[in-house]
Structure formats: C-alpha cells, structure tokens
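A quick note: this is a predicted structure, and the numbers were derived from the prediction, not measured.
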Amino acid sequence: MNNKMRLHYGLFFLSFFLFQFSFAQNFNGGKTEQQIEQEAFTFFDAENFTNALPLYQELINVYPQDPEYNYYLGVCQVEENKDVKEAIQHLKIASTKNVNASVPYFLGRAFHMNYEFNSAIRYYRKFSEYYKKKSVGIDRLIEMCQNGLPLVNSYYVVDVKNKKVVSSNEFFRYYDIDGFEDRLSKKDKSLTSRYDGEGDKEVACLANKGQYIYFSSVGKNKKTGRDLFRAKRLKNGGWGEWEELKALNSDYDEVYPFMSNDGRTLYFCSQGHTSMGGFDIFKSVYNEISDTWTEPQNMGFPINSTSNDLFFATDLTDEYASFASSRDNGKNEVTIYKIKLSDYSEQKVVMNPDLLANIASLSIGAENVDGNLFQADTEELTYSNKYRSNDFPYFNFPITGELTYHYLNEFKSGDAREVFIEAKNDQFNSDSLIDYTDDLRGELNGLEGMPHNVLANKISKLEQRSFELSKQAQNKLRKSQSEEADYLNKNIIGTVTAEVHAPATKQQLVMSSEVIPASGAKTEAYRANKAKEGYEYHLQVGVFSNRAESSFFLGLKDVKEEVVDNGKMYKYMVGSYPTFAAAKKEIPEVRQLFPNTFVVAYKDGVKASLSAAIKATDQDYKYEAKPAEQVSPAKTTTAVVNEQVSFRVQVGAYATEVPEDVKLKLKRFSKYPIDYSKDYRGYTICTVGDFDSYSKVSKLKMELREAGLGDAFTVAFSGNDKITIQQALEILRQ
C-alpha cells in the first residue's frame with residue numbers, strides 16, 4: 001500500500017472515530033445516554049410526561065426496538081394525547097417483553113383514543129383479567145367503547161367556522177357567540193355544596209330571562225359525582241331550593257349545563273349515558289306541561305370524540321354554537337370550535353374506519369373525508385368491510401402442518417385474528433374489482449377515440465388496484481399465520497398434544513378466573529395461618545391450550561385448574577401451602593414431572609404479589625441466592641439484594657446454542673455474574689449482572705449495547721421470580 005493510500009485510509013478511520021466519539025459525547029447537548037435515561041425516568045416517575053416525552057424520543061431514535069423505551073414513550077404519548085397512532089406501535093413492541101403489567105391498559109387507551117374500539121375492548125379485558133386489583137374503572141371504559149361502535153358508523157358533516165387552542169382554565173371565556181356571556185353566572189354560596197371544589201365547574205347558566213339557573217354540584221350524595229340541578233329565582237333576588245334533574249343524571253359526572261334561547265333545549269356534558277370516551281355532549285328537551293325531560297340524546301360523532309368534549313352553547317338565534325374539546329391537545333389545553341348549526345345536518349356513512357381520527361379533527365371550511373378507498377379512481381366503488389368478527393363464515397386456514405383453524409374463536413392471538421379479518425376483506429374487495437372491470441370491458445365495445453382511451457385507462461388502474469389488494473391480502477395471511485404460530489410458541493406454556501384430552505367432568509376441578517375454591521384436607525396449622533393472613537401458596541406447573549385429564553397429574557395433590565385468557569387457556573396448579581418456605585420445599589419433587597414449576601401466591605382466592613405474601617407469612621424467611629454460572633473464573637461482584645429485588649440485563653434468548661460472537665463480547669464483562677438458563681420454551685436466556693438498584697443496571701445495559709449487544713434490556717427479579725421493572729421499583733419504595 002503506497003503512502004497516499006495509507007494517508008487516505010488513516011484519515012478515513014480517524015474521521016470515523018471522531019464521528020463516533022462526537023456522537024456519543026454530544027447526545028442531547030453533551031449529556032450521556034445514561035444521564036438522559038435517568039432524567040427521562042425521573043420526569044416519568046413524577047408524571048411529568050411533557051418533559052419525559054422528548055427525552056424518550058431521543059432514546060428511541062438510537063434504540064428503536066428497545067421494549068423499555070418504547071413502553072415509556074408510548075405511555076407519554078397516550079397521557080399527552082400526542083401521536084396516539086404511533087403510540088400503539090411503541091406499546092406493541094413493549095408488549096413483546098415483560099416490561100410492565102400496565103402495557104395492555106395503555107394499549108387499550110391508545111386504541112380507544114384512535115377509535116379502534118374492538119381492539120381497545122380486547123386489551124382492556126386483558127388488563128382487567130391479569131391485574132384485577134388495579135383495574136377499577138375498566139368496566140366503564142369497555143362500556144364507552146361499546147357505546148362508540150354504533151356512534152361512529154356514520155357522522156354529521158360539521159361546518160367549522162373557527163377553531164383556536166386555549167388554556168383549559170376558564171376556556172369558555174374565549175367563546176365568540178352572541179349573548180353567551182349574558183347567560184353565564186358564577187355560583188354563589190347558596191348554589192354550592194360543601195363537597196364542591198373550585199374551578200370551571202363553578203360556572204352556571206341563567207335561563208328563561210334569568211328566572212332559572214342551571215348548575216352542577218356534588219350535592220349531598222358523593223357516590224354519583226357531580227349532578228345537574230336548577231333553582232328558581234326568589235322575589236328577593238336569591239335562589240330557591242335545589243331541584244335535581246334526575247332524568248338527566250347518571251352514576252357518573254354531569255357538568256356544564258347550558259339552556260338554549262328557546263328555554264326548553266338543555267345541553268350538558270356527561271361521562272355516563274352513552275358517552276364513548278371522557279365527557280360527551282348531550283341534549284334533552286323540557287316539556288313544561290308534563291314537567292318531564294326527553295331521554296338524553298348524544299350529539300353524535302364528530303361533535304363528540306373519544307376525548308373530553310365540553311360546554312356546548314348556542315347563540316341567541318340558534319344559528320351558531322361553540323364547544324371545547326381536548327381531542328387534539330395535551331392535558332392543559334383545549335380547542336374551541338365555532339360551528340354553524342343546521343336544521344337538518346347532512347349525515348354520511350363511514351366507509352373507512354381508519355379515517356375516523358381524520359374526521360374527528362374538524363377542519364375549518366372543508367368537508368370531512370368520508371373514507372372512500374377508490375374515490376380517486378372511480379365513484380362507483382367503495383371499500384367494503386364485508387367480513388366482521390360477529391358473523392364470520394367457516395374457513396380453512398392452516399397455522400402449522402398439523403393445525404388448521406376453521407373459526408375465529410380458535411385464534412389465540414388477537415392481533416393475528418384481526419390481520420386475518422383484514423386479509424379476507426382485502427381479498428373480497430380485490431375480487432369485487434375484478435367483477436367490476438369485467439363489466440367495464442363489455443362497455444369498451446363500440447367506443448372509439450377519447451371515450452375508449454379514458455375507460456381503458458380506468459380499467460387498467462382498477463386492475464392494478466385489484467392486483468395490489470390481492471397481494472396485500474396474501475401478505476397479511478402470511479403475517480397472521482406467522483403471528484399466531486409465534487404466539488403459540490411464546491405463550492402456550494407446556495402445550496400438550498397427544499396426552500391431553502377432554503377430562504371426565506366428575507374428576508375435574510374447574511374454576512373461574514382468579515378464583516380458587518378450597519379443596520382437600522388442610523392441617524390445623526394451615527387453617528390457623530389462612531385465617532390470620534388470608535394467604536395460600538400453590539405450585540404452578542403449566543398453562544395449556546387444551547384442558548388436561550386428571551390422570552395427567554397422577555400422584556399430585558390438590559390439583560387446581562384456572563380458566564384464563566377469556567376462556568382460551570387452562571392454568572394448572574398443585575398443592576396448597578400456608579407459607580412460601582413450605583411451598584418452595586416441594587418444588588424439587590414436582591419439577592421431576594414439570595420442570596418449569598414455580599410458586600404463586602393467592603390471598604382470599606385472588607392472585608397476589610409474591611413479595612407481599614412472603615412479608616406477611618414468612619417474616620423470618622431468608623433468601624438464599626443461587627450461585628450464577630460464570631463464563632470465566634474471574635472475580636464476581638457481590639449482589640446486594642434489597643427486599644429480594646434484583647436487576648439484571650438480558651442480552652438474548654436463543655433457540656439453539658448461544659452464538660460464539662455473543663460469548664466473545666461477554667468476555668469483556670466477566671467481572672459480572674453471567675447466567676445461562678432455560679425458559680419454558682427451551683430457549684437459553686442469557687442475563688448479566690445482579691444489582692440492587694435500577695440506576696446501577698442502566699449503566700451496564702449501556703456498556704453492553706456499546707459492545708455490540710444492541711438488544712440488551714433490563715429485567716427484574718424478586719427472588720427467582722421474574723417481575724416487571726415497575727413492580728420492582730414499587731417494592732424498593734416501600
């Protein structure tokens with residue numbers, strides 16, 4: 001190599017090194033990656049999602065597949081209502097790892113906010129099933145999604161004249177409609193309950209030339225939240241007794257009543273009735289003769305959205321109205337919309353559900369897009385969602401060489417099922433286009449010149465579109481097949497094929513989800529402990545896709561079956577023990593039959609935190625750390641375990657042997673404990689380190705990634721049980 005070439009290559013490598021060094025040093029204004037991660041988590045932990053979001057976005061730009069970063073960024077986007085559709089993708093990546101038990105909840109919220117109600121319901125139910133203690137309010141969210149399904153089948157064309165983003169504090173001060181301010185009144189003490197707080201909800205509406213006042217208040221019954229009331233003006237200028245508007249109140253909050261100028265039509269906001277998310281706007285008409293109100297009517301989509309829609313008010317002539325919504329804003333802002341009212345609003349059918357978020361954005365002076373898939377090419381055809389989950393026909397769909405599905409309820413993966421439905425709809429529309437182009441070809445006969453060329457060009461475009469849809473359908477079928485097979489491999493623990501059959505009913509102990517009936521004889525010591533603490537321990541031996549015969553557990557006592565995953569899976573446990581130590585003592589014997597056996601805890605029949613149970617029943621129990629397998633005889637660090645919680649870095653899961661290049665890279669980290677263990681699938685799980693704090697393990701994770709192990713991520717353990725990072729941090733805070 002001549003001197004010129006040496007100089008050329010030397011400069012190249014020097015510039016490459018300087019680029020790498022500059023990139024590492026100048027990350028986010030000179031901060032190190034570890035500093036950014038710690039700062040982002042501090043903001044996140046304090047629920048300061050506004051400041052945490054851009055920091056996690058920077059980390060994602062470097063590590064787009066990191067499950068932890070994707071979880072935190074997705075949560076920030078949901079909480080801040082920013083790029084919710086993108087948040088779905090981040091949270092799906094987080095769901096591939098055991099990052100946090102709340103992933104299904106935030107996925108449900110993201111789908112909910114994006115008007116994908118069926119997907120939202122599925123994830124809400126998944127969260128409720130596996131995290132019952134913290135799933136308060138989930139049933140109402142599911143109801144809201146069910147309310148939304150019929151509401152978004154069609155939409156009203158809304159003539160938006162103006163919109164502006166303002167602070168959510170007294171937002172109604174920005175309304176620009178005639179006579180609005182004249183009808184506003186601040187509630188005085190005679191209209192305020194001692195349970196009422198301060199803020200926007202203190203505003204009231206004067207009606208019937210000031211003879212009545214409509215307002216919301218907690219009143220004397222805190223159980224139903226804020227309700228609607230009205231009071232009549234007295235001769236001395238004060239207000240008379242409160243009259244509760246019982247026909248309009250629900251078990252949830254009702255706020256911002258506004259009586260139109262006709263003195264009969266009342267607009268108000270409610271989290272109850274048929275709300276599809278947050279507060280929806282409703283109206284009801286008062287009949288003075290019968291002293292009754294009509295049933296509250298939802299103002300429909302897109303006046304209402306999956307966010308909070310507030311304070312609908314009309315002008316003196318009922319020609320214009322204003323309302324506020326948080327649909328496109330963060331927590332501290334709302335958008336004020338001024339719209340023109342119509343006696344007979346135009347209503348359109350939603351042709352493409354993917355465009356619901358676009359319709360809800362309410363652009364100024366433009367009709368909403370109606371989601372016509374083929375609108376650009378032809379006005380005759382629209383995309384049809386012919387196949388839906390509630391009436392899907394019989395089919396033959398091979399998952400593996402031995403497994404073929406015929407009904408939708410056979411899918412174990414909800415995502416795979418949805419992709420399969422999409423594929424069938426794509427193929428149906430492709431076939432419809434073929435039929436249509438065949439008819440158009442018949443019209444070509446007899447045409448000449450320009451008409452012939454225009455129609456021929458139209459046919460060509462439609463045929464191309466048909467081909468694209470057919471190809472798209474085939475790709476989705478392959479994707480559905482792959483996702484279902486992957487789900488079965490990862491989640492169907494210890495699936496039994498030849499040995500498992502339908503059991504004899506009289507021998508089977510079948511339980512509803514999360515409920516464990518007592519079975520078998522119990523010792524006096526067990527009864528005393530159970531009565532005192534409410535805890536009991538079992539050994540979980542597997543989760544199967546098929547129900548097992550009782551003979552499958554021959555020789556084991558107190559066999560229990562728990563139906564999980566909406567009835568799709570069967571979890572089996574054996575034994576009943578008063579303490580963790582007693583349960584752990586039996587593990588070696590049970591593992592001779594079921595190698596993946598581990599201890600689970602229940603309190604009063606409901607699954608409980610293992611660490612909390614141990615604190616209650618095994619106060620004197622001491623955790624004995626199992627020596628980790630070392631890659632080399634080099635010195636190891638001593639793990640300091642606080643409350644039995646430890647943090648490690650997982651660098652891979654390998655179906656076969658651990659790759660040699662991975663082992664070579666790990667040699668640089670031989671001062672840390674390196675463990676290779678098999679999981680329930682037979683995969684080799686490699687973890688590095690053993691720390692007592694999240695900040696310490698974060699530094700190691702960064703070092704491993706810099707060494708070329710880009711998929712490294714943090715995992716947490718309580719004893720030998722893997723737990724989420726969030727659970728570990730909660731235990732450490734106690």
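- Between S480 and F397 there is a side-chain heavy-atom pair separated by less than 4.5 Å.
- Within a 6.0 Å sphere centred on CZ of F467, other residues, nucleotides and ligands contribute 12 heavy atoms or fewer.
- L709 has its side chain out of reach of V649: every pair of non-hydrogen atoms, C-beta onward, lies at least 4.5 Å apart.
- Environment of NZ in K665: crowded, with over 12 heavy atoms of neighbouring residues, nucleotides or ligands closer than 6.0 Å.
- By the 4.0 Å N-to-carboxylate-O rule, R122 lies close enough to E418 to be salt-bridged with it.
- Between F420 and F392, the two ring planes are tilted [angle within 30° to 60°].
- Formation of a donor-acceptor pair under 3.5 Å by the N332 side chain with backbone atoms of S168 is not found in this model.
- In this structure, the separation between CD on Q77 and CG on L53 is 5.5 Å, given to the nearest 0.5 Å.
- Contact check for T335 versus S325: no side-chain heavy atoms found under the 4.5 Å cut-off.
- In this structure the side chain of L477 reaches within 4.5 angstrom of the side chain of Q474, judged on heavy atoms.
- In this structure E422 satisfies the side-chain contact (heavy atoms from CB on, under 4.5 Å) test together with K476, sequence neighbours excluded.
- In terms of modelled atom types and a separation under 3.5 Å, the side chain of N114 and the main chain of E116 share no donor-acceptor contact.
- Scanning for salt bridge (charged side-chain N to carboxylate O under 4.0 Å, His left out) contacts around D83 gives an empty result, with sequence neighbours left out.
- Between the R327 side chain and the A360 main chain, a donor and an acceptor come within less than 3.5 Å of each other.
- Between the CZ atom of F43 and the CZ atom of F49 there is a distance of 13.0 Å, given to the nearest 0.5 Å.
- Here the side chain of D45 pairs no donor or acceptor atom with the backbone of F41 at under 3.5 angstrom.
- Within the structure, salt bridge (Lys or Arg N to Asp or Glu O under 4.0 Å) contacts touching residues 97-106 (residues at least two apart or in different chains) do not occur.
- Taken from OH in Y115 to CG in L355, the straight-line distance is 12.5 Å, to the nearest 0.5 Å.
- Between Y124 and H112, the angle of the ring planes goes over 60°, which puts this pair in the perpendicular group of the 30/60° scheme.
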Exercise. Check the pair F111, F117 against ring-ring contact (aromatic ring centres under 6.0 Å, His included), reporting the backbone distance first and the verdict last.
Key: CA-CA 7 Å; F111 278 118; F117 296 121; over 10 Å; no
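- Note that the CZ atom of R668 and the CG atom of L704 stand 9.0 Å from one another [nearest 0.5 Å].
- Residues I88 and L107 meet the side-chain proximity criterion, which asks for heavy atoms closer than 4.5 Å.
- E484 places no side-chain N or O within 3.5 Å of a backbone atom of R417 that could act as its donor or acceptor partner.
- In this structure, the side chain of S670 engages the main chain of K667 through a donor-acceptor pair within 3.5 Å.
- Ion pair K471/E468 not flagged as a salt bridge, since none of the NZ, NE, NH1 or NH2 atoms sits closer than 4.0 Å to an Asp/Glu carboxylate oxygen.
- Side-chain N or O atoms of N147 include one that pairs as donor or acceptor with a backbone N or O of S275 at under 3.5 Å.
- Between F717 and D690, every side-chain heavy-atom pair lies at or beyond the 4.5 Å cut-off.
- Ring orientation note: the planes of Y105 and F127 are tilted relative to one another, at an angle of 30° to 60°.
- Of the N and O atoms on the side chains of S102 and N100, at least one donor lies less than 3.5 Å from an acceptor on the other residue.
- The SG atom of C145 sits 13.5 Å away from atom OH of Y123, with the distance rounded to the nearest 0.5 Å.
- Ring orientation note: the planes of Y63 and Y69 are tilted relative to one another, at an angle of 30° to 60°.
- With rounding to the nearest 0.5 angstrom, the CG atom of N48 is 10.5 Å from the OG1 atom of T42.
- Under the 3.5 Å distance criterion, the side-chain polar atoms of Q481 are matched with a main-chain donor or acceptor of P398.
- Between K126 and E129 no salt bridge is recorded (no basic side-chain N to carboxylate O distance below 4.0 Å).
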